[in-house]
Each structure stands twice: as C-alpha cells, then as structure tokens.
2 protein chains.
Amino acid sequence: MTDVQAPRSAPKSEQTRTLILETALRLFQERGYDKTTMRAIAKEAGVSVGNAYYYFDSKASLITGFYDRMSHEHATVTGERLQGAEDFGERLEIAVMAWVDCAKPYHEFAAQFFSTAADPDSPLSPFSDESYPARAEVIQIFRDVLEGSQVGPKLDSELAELLPDLLWLYLMGVVLYWVFDHTEDTERTRAFVRKCAPLVARAVRLSRFRLVRPLVRDAVELMQEFVIPKVRSGVTK
Amino acid sequence: MTDVQAPRSAPKSEQTRTLILETALRLFQERGYDKTTMRAIAKEAGVSVGNAYYYFDSKASLITGFYDRMSHEHATVTGERLQGAEDFGERLEIAVMAWVDCAKPYHEFAAQFFSTAADPDSPLSPFSDESYPARAEVIQIFRDVLEGSQVGPKLDSELAELLPDLLWLYLMGVVLYWVFDHTEDTERTRAFVRKCAPLVARAVRLSRFRLVRPLVRDAVELMQEFVIPKVRSGVTK
DNA sequence: CGCACTCCTTGAACGCGTTCAAAAAGCCTG
DNA sequence: CAGGCTTTTTGAACGCGTTCAAGGAGTGCG
C-alpha cells in the first residue's frame, strides 16, 4: 500500500494512479494549487482529465498523499532531533519547529490550499475522518515529546493522557499563524514558536500546583467531553 | 429598469447596488451559498451578470454587508441581555450565546461559506483589513463585558487591555466549533459555551495570584508582540 | 441640435472543476 | 479463437465564477 514509485509488482491501474498523483503534487509545488489545472495535470501525466477523476474524487483529494507524506517526514525529522533533549519546552519547540521546516517547501501552495482544507465537509479538513491517520501520527509525535521529558510522569494522569491531543491543537494554531505569515522564510512564525514553547512548558508545570489544579481538572473534563472526540475520530462523531 | 423605492438622497447607481446586495443575501439564506449562482442573483434582481460585477468584485465580496449586519445585531442583542448581569462568567456567556443566537439563521450558509473566509488573502478573512470594522465592533462588546463586571478593575492593566482581543479570539474558536456542529439547533455548541464561560472566568481570576502572575505577564507580552497586531489592524501589518 | 464625456449596463465568451455516455483494453471461460 | 464481462480510458459537454469589448443613458456645452 506504500506509494513511492510504482513497484514492478503493482498492477497497471496502480501505476496510473501513482503517476497522476505524483504529477499533481509536483505541479502543485511548482506552480501553486490554483494555477495547476486538472487539464494540465492530465496532459503532463499523458492521460485524459476523465481518467484523473476515475482515480480521485476531486482536485482537492489529490492532496491526501501530501498529508501522509508530510506527517511521515515530520515524524522522522522530529525523532532524529529529539535525541538528547530532555527539557519538555525544548522538546516541544523541536517538534513544532520540525513541522515548520518540513512544511517550508509548501508554504505558498499551502496558503492557497488552506481555504479548501477549512471546509468542514471536505475530506481534507484536519478534523476529518479521512485525515485521521496523518493526525494520529502527529499526535504520536507529541506523545513522544511528553514521555521523553521529566515533566510527563509528574502530571495528573488525565491531563497526561490528554496533552498530546491538546498539543496537536496547539500545532494547528501554529499552522494557522504560519499560513498568514508572509515574512522571509516564515521567520515570524519561527520566533513565535521559540517564544511559545517555554511558556507552554511553564503552564504545564504550573498545572500541578494546588491553586490551579481544580481548574485544570475541570478544563480537562470539558475538553474530553467536547473537543477530544472530534480530534480522535473526526467531526462526524 | 424597475425602480422600487426612490430615496431622493440615493442616486440610481446606489439603488442598483443595494438591489443586487439585498437579492444576493436573500438567496444565500434561502438556498445556501454554493447553490446561489451569480446568474440567479442577476436574474432575480433583474440585471445582467456583468452589472453585478460592476458593483462587486466577486461573489464572495457580496458577503461584506452580511458581516456588518451580523456584528451590529450581535452588539445590540448583547447590550440588551447584559443588563443586570454582573458576574464576569455570566456576562461572557451572554455575549457568546448572543452570537450563537444571532448566527442561527445562517448556520448552513455559513458552513458553506467558511472555507472562503478561511482564505488568508480573501477580504472576508476574519483577520483581514476589510473586515476590521466588524471585528472592532465585536471586540468592543467584550470590552463592555469586562468593564461591567467586578473582575475588570482588579486585573493587571496590561491583561485588562488585552483581554477583549483575546476573548474575540475565543469567540473565533467557538465559531469554528459551531461551523463543525451538526446537532439540532447547534445544541452542542451551546452546551460548550455554557461550560466554557465559567472556566474562562475562573482562569482570568486566577491570573491575579502570585503563583501564576509571572507566566501571565510573559504570555501577555507574547500576545502583544505576535498576535494582537494581526487582530488590531489586519494580517498585512 | 450635435458632440463629447462619464457613468452604467449588457451578454457573449473564457477557463475552470466536474460529469458521463461510450469506447477501448484486459480478463476469464468454453 | 470467440464471446461476454469488468476495469480502465476517453473527450465532449455542463454549469460555474469571472472578464471584456461594445453599446446605451444621462448631462453639459457650443
């Protein structure tokens, strides 16, 4: 099921599918999402427009592969960089900054594409059932971030269980910031991430104190009831 | 060709413009955004498609009037309901719930339209320069919410100044939740709002304690540097 | 009255994403 | 090889948002 380059064993149809997908992603990156037409994709891939629609529901759903690729690379890069870092804030910064780095080549393309992804009914919404695998993989990254630090075991168990999902939401906030960021090399987003990480870490550590703990518990409960179901299994639930 | 009412102050062109706008908003509400075509708007208004484009840049920019109308009604309704409420959490719930009530007739339409509004370059983005007037009006609502409660004066002055903008961001979060909410009468969003308000109020009150104050100050500083400029004067700054 | 000038209005035409009936290519069985 | 069946491929056609050259319509001036 891995779709890198069509293996020799793959049937013809799978080859065509892959060819169309690769061509599309290449053109998206070269010309941007809007300027890449379905006709151009078909022509470049040497097939008909109708054929592209035989394999993919829509132009937007050609992005599915992009999601998977992106979360894979994010997980890999983060895994490498986390080696040796033990401070929670530091680890968090590494994970989020890794995303910014991985997403760099796609910034222009992603900004154009963002509005499509924001459609609640689109399979490409970050909350959709279809994007669940990619979402789960990124949440796992944050689980690693937490478990590899000293702060993890000291937390309230319910919060510790919830935190990876919350950090994924935090990443979505960063993504939103990044999409609107037009500075060179998205330097402003990077500065934002560098400043945010230690603050988040401090907030998490504060959550253990007797003064704030009751509030945190209630907030955790609220999240578990109202927000997490949407993150865990898509908006339809 | 047909002149309905002729206010002596309004020249012919203004009449046409208004006619197109009113027709568009009515059809959007009746049929939804996607199913309302520019051709249908023009036909229903008794003009040509090209004429609609003479007055409005695009189909999306026909929504501008909707934004203003919505924020006005939100401000009015909130103002009425705030009478007699003094608790900050209660006032916050009133303000946000008033939004949910005002937005009720447009839920289906807004969900379709949401993806257009999410485009960072669109004048209809909630962060855009063009939507600044509506945004400012809503932020003023939250300023009233804060000032009419007892918690306002006791806060750190920097936080107090920032809080209305932050509460507007919180409202944007609720809007996001609302857009994805498919329950009857968006009952789930309402429950979410009812549970959130007192928690936010508690968090604000906690911010005054010596234990958390340093963190809050740093977070406020971060917000002022990285986020508030975008809220105050649009993303271009 | 003719002329020029600006403001409005028109509808055909363009390029886009998407659909679909029909043709082509594989594939299996007798 | 023939015949039927499914899978794959085609490209014309549809409806959409949007553009634009062309033509009114009103107004002031000689």
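Here is the naming used below: chain letters follow the sequence lines, and residue numbers restart at 1 for every chain.
- Annotation: the terminal axes of the helix from C/dC1-D/dG30 to C/dG30-D/dC1 meet at 30°, where each axis is the rotation carrying the C1' atoms of four end pairs onto the next four (5 pairs per end, rounded to 10°).
- Atom CD of A/Glu187 sits in a crowded spot, with more than 12 heavy atoms from other residues, nucleotides or ligands closer than 6.0 Å.
- A salt bridge is absent between B/Lys195 and B/Glu93: the closest approach of a Lys/Arg side-chain nitrogen to an acidic carboxylate oxygen does not fall below 4.0 angstrom.
- Here C/dG17 presents its C1' atom at 8 Å from NZ of A/Lys59, a figure rounded to the nearest Å.
- Using a 4.0 Å heavy-atom distance criterion, B/Phe56 is classed as making no nucleic acid contact.
- Of the side-chain N and O atoms in A/Thr16, one or more sit less than 4.0 angstrom from OP1 or OP2 of D/dT9.
- Residue B/Asn51 places at least one side-chain N or O under 4.0 Å from the OP1 or OP2 atom of C/dT10.
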Worksheet entry | Verdict with supporting geometry, A/Phe127 and A/Trp168, ring-ring contact (aromatic ring centres under 6.0 Å, His included) | CA-CA 11 Å; A/Phe127 297 96; A/Trp168 177 82; 5.7 Å; yes

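- Between B/Arg190 and B/Asp181 there is no salt bridge, since no side-chain N of the basic residue sits under 4.0 Å from a carboxylate O of the acidic one.
- Under the 4.0 Å criterion applied to side-chain N and carboxylate O atoms, B/Glu30 and B/Arg26 are assigned as salt-bridge partners.
- A/Arg17 and A/Glu22 are not joined by a salt bridge, as no carboxylate oxygen comes within less than 4.0 angstrom of a charged side-chain nitrogen.
- For the OP1/OP2 pair of C/dT10 and a distance below 4.0 Å, the side-chain nitrogens and oxygens of B/Tyr53 include no atom meeting the criterion.
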Hey, what are the protein-to-nucleotides 5-7 of chain C N/O distances that come in under 3.5 Å?
none

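- In the displayed structure, B/Asp57 atom CG is contacted under 6.0 Å by at most 12 heavy atoms of other residues, nucleotides or ligands.
- Taking the six-membered ring for Trp and thresholds of 30 and 60 degrees, A/Phe109 and A/Tyr33 have ring planes inclined between 30 and 60 degrees apart.
- Both the sub-6.0 Å distance and the 45° axial angle are not jointly satisfied by A/Lys59 relative to the ring of A/Phe28.
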Fill in: Step-by-step ring-ring contact (aromatic ring centres under 6.0 Å, His included) determination, B/Tyr106 to B/Phe113
CA-CA 10 Å; B/Tyr106 314 109; B/Phe113 167 68; over 10 Å; no

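- For the segment residues 29-41 of chain B, the set of residues with a heavy atom within less than 4.0 Å of an atom of DNA chain D comprises B/Thr36, B/Thr37, B/Met38, B/Arg39, in numerical order.
- If you take CD of A/Gln15 and C1' of C/dG26, they are 15 Å apart, rounded to a whole angstrom.
- The distance between atom NZ of B/Lys43 and atom P of C/dG11, rounded to the nearest whole Å, is 12 Å.
- With the nearest nucleotide of DNA chain C identified for both A/Asp57 and B/Val49, B/Val49 has the one nearer the 5' end.
- The neighbour count for A/Gln140 CD, taken as heavy atoms of other residues, nucleotides or ligands under 6.0 Å away, is above 12.
- Of the candidate nucleotides C/dT18, C/dT9, D/dT18, D/dT18 has the atom nearest to the side chain of B/Ser58.
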